[in-house]
Structures are given as structure tokens and as C-alpha cells.
Amino acid sequence: MPSDNEQIAEIFDEIADLLEIEGDNPFRIRAYRTAARNLRALNKDVRRMREAGEDLTDFPGIGKDLAAKIEEILDTGRCRALEKLRRKVPPDLGELLRLPGIGPKRVHALYHELDIQNLEQLQRAARDGEIRELSGFGPKTEARLLEAVEKHRDSERRFKLAEAARYAEPLQAWLEGGKNIEQVVIAGSYRRAKETVGDLDILVIARDGRQAIQHFTHYEDVDTVVSSGSTRATVILSNGLQVDLRVVPKVSYGAALHYFTGSKAHNIAVRRIAQKKGWKINEYGLYEGDKRIAGETEASLFKQLGLAYIEPELRENRGEIEAAREDKLPKLIKLTDLRGDLHCHTRASDGQGSLRAMAEAARDRGLDYLAITEHSKHLAVAHGLDSDRLLKQVDAIAELNDILDGITLLSGIEVDILEDGSLDLPDEVLDRLDLVIGAVHSQFNLSRKQQTERILRAMDSPHFTLLAHPSGRLIDKREPYAVDMERIIHQAAQRGCYLELNANPDRLDLLDSHCRLAKEEGVLVSINSDAHSPAAFEHLRFGIGQARRGWLEKDDVLNTRSLTALRKLLKQTRQ
DNA sequence: GCCGTTTTCGGCCCGACTGTTTTCAGTCG
């Protein structure tokens, strides 16, 4: 079930779509889109804020009118402005807007000239050759539209960051091997470590743009060349991933990198700063009149604008610009800050490695300690451990620690939180462990209230250390379960326990906005691989990316502590 | 529709590529 923020954002986006087709004032349309984007980025629930008596117009992009619409939607579940628009403009037209190569003007023309209201009608008209007859359209546009309709199904697809990396890294290597190519950087949401990316934006410094682009379009995995000029090109790879490449000269590198890293909202906000000073920013630099005053590096650009350097992961216009102005940006955590990993599985439950193999793989990644945390018996599909098997493992870990070199294993469990909030193993067994990770693996569909109460009850257990993958979402597969995360984070602070940021690329859970909340409440986050095989410690880098998006610093993260300090903190969670 | 160190009106981010034009509109990022 989408949150209130998401639901309102969708309504605002739809209003923007329909207004756009109607040819309304573009700035009014932008206001709706900005509001939608800001609502999605907000790490607080608007309903709750309103109940707390906060003034919605205090938020950026929300004025009197939109605040009233938000209240209407919260109160009635409806938005009369949207309903009125829908009566005027067929709502399916919004879907046409999603097709590549077609924007509001063309949708408007298709609707008013040919009475095309949906994808099917568009497809028919294109096949019948009606579209090429319209002014502003031609045979090529018609063919492109037809193709776009047929491919529409997967055009919306986003790629998980880890999956994108598997395609991006070889492509980057290929580009770096090109003649006269000096530097290749993958910018865009990939550089911002967003959990999913819609496409890849690659920036290349080269003396000869055409030559570089030739090299790019001849990459073996390129399926379609969508466009290609002297400074930019767009291709689709065989797996459907779109890649945009831009070539810039060296003097513009920083400005271009900033520009193509985004996010859009961040860039707009930064450009406004320049604009207020009477300057202009584009991908070639920061200009005062015709004179370039910064842009060879990103640092020069920020400095000239009076801002501290903003790390890519923070560039979402969620307060980073204000923080940069006051020099109050966080010093973000790095992969090398991690000293250990508190969540992994072996063959004993559903993992693929032995205790020793997992320990050695973690050690080879530079970790000092690793907690073994199998599933518990309730999760039978994962061969979860009962008390006997768990206690045997505790002994095996103790023995192995005597002979292991360079790493220490901790005994733990990923214990199921049952529907009533009790834990799946008895206290006297949990008492033998170094840590207890509680996890929800069943009954995802409880009401928000029930689900929240269930988790809060589990956290009350004297043995509870850490809440695993707190939202339960699987990216693109399962929505987060309905739960009051603000309350859970607050409770963790009161109770003195921790939250996991599960680094599995399918999860990346805590969400970035909740990392920030945890930090504000002083709740430590543990960035864990949840490795089910020795190779899966690789996942930690994606967890770090997510943590950085959540503004986390080294000190905000539990497993940056030394083993000694960690043991002390684990002990403190015992009530 | 929002916003204000140019504050209640008059602004609002910027450039490349394509296709349809015959100098530019539409779309995209």
C-alpha cells in the first residue's frame, strides 16, 4: 500500500501530466511536479505532520493552494481538481506521455486532430499511416511511435544498482580503451548510488568527440543506436538498459560531471544560486557573462558558489545545499570504515559456505569480526535452526575461533519475530549468544498497527539486539510492509537497540530516508551483508552507498567499532 | 502554482539531437 506521501505525489504528477497536455502554464505544471518530487523525498509522513499541527506551507514547493489540496486528499481520499481535469482530458493520455519521442504537444495534437486517447488507438493510427499526415509529424516519427508502443512494456523498467554495475563496469573498461579517450566516469543516479537506475549516464573526456562516440556505438553489447551526434549519443544495450554518453573537453569536466550526476532537483537548486549572483551554469562551466569562472573540477564549482563540496550521494535537494552553505555536511562513511559484519548465513541454514569459508572470505575483505546468524526453526524453508542445532553451532564457533587467524566469529541468530511479537527461540538459548537479530519473515500483510506492535513487542525482549531489514521490502518485488517506522526508530532509541541496513542489493533496507531519521534519533545502524555465500560480502559496497545516501557517518554505524567496543555495545542491549 | 538579501509582481534551468522544416519546434536529460 503506497504511503500518503506517495499517493499525493501520484495525484500531483497526474495533474501535471493532464495540464501539460492541455498546454497550461509550464511553471504551474512545474510547481506540481516539484511538489510531487519533494513529497517523495520527505522522510516524514504528511498525515502525521498535519496531525502534529505542522504548517504544510513551510515545506519547499508547497504553498497555500497545494497545502489545501493535500489536506483535501488526506481527509476525503479525493482531489476535485484532478477529477475535473479527468473529465476534460482523457486520463489515458497520460500514458501516451510516457512514450519516448512524444511529449505534451504531440499528445495534444494526436488527441485533438485524430481523437487518439490511448495506446491501442495510437498503434492503429500509426499502422494505418494516419499520423504522418499531421503537421509536425512525419513518417519517421510515426515509425518511432509504433515501435515505442510495441516496446512500451519494458521501457519503464529500472535496474537494480548491482545489476547496472554488472553492465556498467565492462562498458567503462571498453570506453577507457578507446583512442584519444582521456577519462570515463559513470555519472547519473549510478554515481549517486541510487538503489535502482533507469539508465546510465556516462561522461567522457576526449579530444575528438565523433571518434569517441564511434567507439561507443560499436561496443559489442549495443543493440540499438537511438541517437548519435558530435558530443552526445544514446544507445540501448541488449538487456534493454539505455546508456547516454556525453563528450566534453577537459576544461569543462567538473561542470559536466556535476551536471550529469544530478539529481535534477539538486541541479536546479544549484543553478538558482548561480542565477541569483547573476551567473549562469551549464554543462561547460560556471559563467559570468562570457567568462568561465569555474568548472574544471566539481570542487571549483562548489567553491565559487560558496558551498562546501557535496558528495554525489547527497545530491537530492534534501537539505544538502543549505548544509553545504553552512559547512555542516556530514563526513560520509566509507567502505574501509567497516570493521565487521553482523549478519551472514552458512550451510547450516540456507547459505552456501562453511563456517570457515565465510570467516576467511570476510577476513580477506579486511574485516576483523563476523557474526554467524542463521535462520531460526520457524523459517523451515531456509532450514532454520532449533535450539539444539544452534547450541551445537555456538560450540563449533568457539572451537573455530581458537584456530582462526585474523578474524573473530561471533555467535548470533536471525530469529523470526512471530506474529504475536514473540521470538522463535527460548530466552535461555538466546542468552548464550553474542547478539540476536530479529526479523519478520511471515505475515507481511498485517495492518500497520498490528505490524508495528508486533515489532515493538519483539524489541522489548531483553535479548533483542538488532532489527533485520526493517521495512521488509524487496526492490521491484515486494513493497515495504505497512509499519510505523518513525515509531520503531524512536523505540529503538528508547530501548537501546540497533537497526540493520541490509546491504543485499535486492533489499537495501533501511531506506535512505530512515537512515537519516535513525541518525537524528541517535540510533546506531549496522551495515550488514546478509551474505549467503563467501562471494556475497561484495554486497557491503552497496550498503555503504545506501548509508551515504542516508547521510550516515562512521560514528553512526555500529560495525565501524573495534571488536572490543562492539562487545561493550552488544552487552548494553541486554536489559 | 511557488517564491522573495531585486519580497506581493514578475520572474521561474539550460543545451543537444531529431525530424520536419526551410529557420525551428518538440523532446529529452
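Letters A, B, ... are given to chains in the order of the sequence lines, protein chains preceding strands, and every chain is numbered from 1. These numbers come from the heavy atoms of this one structure, side chains and all, not from hydrogens, waters or symmetry mates.
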For atom CZ of A/Arg48, decide whether the heavy atoms of other residues, nucleotides or ligands shown that lie under 6.0 angstrom number more than 12. yes
Applying side-chain contact (heavy atoms from CB on, under 4.5 Å) between A/Leu85 and each of A/Leu18, A/Ile21, A/Asp24, report the one that passes. A/Leu18
Could you tell me whether the side chain of A/Asn317 and the main chain of A/Glu320 form a donor-acceptor pair under 3.5 Å? no
Could you list all N or O pairs between the protein and nucleotides 17-26 of chain B that sit under 3.5 Å apart?
{"unit_1": "B/dC17", "atom_1": "OP1", "unit_2": "A/Ser230", "atom_2": "N", "d": "3.2"}
{"unit_1": "B/dC17", "atom_1": "OP1", "unit_2": "A/Thr231", "atom_2": "N", "d": "3.0"}
{"unit_1": "B/dC17", "atom_1": "OP1", "unit_2": "A/Thr231", "atom_2": "OG1", "d": "3.1"}
{"unit_1": "B/dC17", "atom_1": "OP1", "unit_2": "A/Arg232", "atom_2": "N", "d": "3.1"}
{"unit_1": "B/dT18", "atom_1": "OP1", "unit_2": "A/Ser228", "atom_2": "N", "d": "2.8"}
{"unit_1": "B/dT18", "atom_1": "OP1", "unit_2": "A/Ser228", "atom_2": "O", "d": "3.4"}
{"unit_1": "B/dG19", "atom_1": "O3'", "unit_2": "A/Thr141", "atom_2": "OG1", "d": "3.2"}
{"unit_1": "B/dT20", "atom_1": "OP1", "unit_2": "A/Gly138", "atom_2": "N", "d": "2.6"}
{"unit_1": "B/dT20", "atom_1": "OP1", "unit_2": "A/Gly138", "atom_2": "O", "d": "3.0"}
{"unit_1": "B/dT20", "atom_1": "OP1", "unit_2": "A/Pro139", "atom_2": "N", "d": "3.3"}
{"unit_1": "B/dT20", "atom_1": "OP1", "unit_2": "A/Lys140", "atom_2": "N", "d": "3.4"}
{"unit_1": "B/dT20", "atom_1": "OP1", "unit_2": "A/Thr141", "atom_2": "N", "d": "3.4"}
{"unit_1": "B/dT20", "atom_1": "OP1", "unit_2": "A/Thr141", "atom_2": "OG1", "d": "3.3"}

For residues 218-230 of chain A, which side-chain N or O atoms pair as donor and acceptor with protein atoms under 3.5 Å away, sequence neighbours left out?
{"unit_1": "A/His218", "atom_1": "ND1", "unit_2": "A/Gln214", "atom_2": "O", "d": "2.7"}
{"unit_1": "A/Asp221", "atom_1": "OD1", "unit_2": "A/Ser238", "atom_2": "OG", "d": "2.5"}

Sorted by number, the residues of residues 192-205 of chain A with heavy-atom contact under 4.0 Å to DNA chain B: A/Asp201
May I ask you to decide if A/Ile333's main-chain N or O and A/Arg548's side chain share a donor-acceptor pair within less than 3.5 Å? yes
Paired with B/dT8: which nucleotide, if any, by Watson-Crick or G-U wobble criteria at under 3.5 Å for both distances? none
List in numerical order all residues of residues 70-94 of chain A for which some heavy atom is under 4.0 Å away from an atom belonging to DNA chain B. none
Would you say A/Arg210 has more than 12 foreign heavy atoms packed within less than 6.0 Å of its CZ? no
Under 4.0 Å, heavy atom to any atom of DNA chain B: which of residues 298-326 of chain A qualify? none
Honestly, is A/Arg106 close enough over A/Phe137, meaning NZ or CZ under 6.0 Å from the six-membered ring centre and within 45° of the axis? yes
Counting only side-chain nitrogens and oxygens, does A/Gln242 get under 4.0 Å of the OP1 or OP2 atom of B/dG29? yes
Got a list of protein N/O to nucleotides 4-10 of chain B N/O distances below 3.5 Å?
none

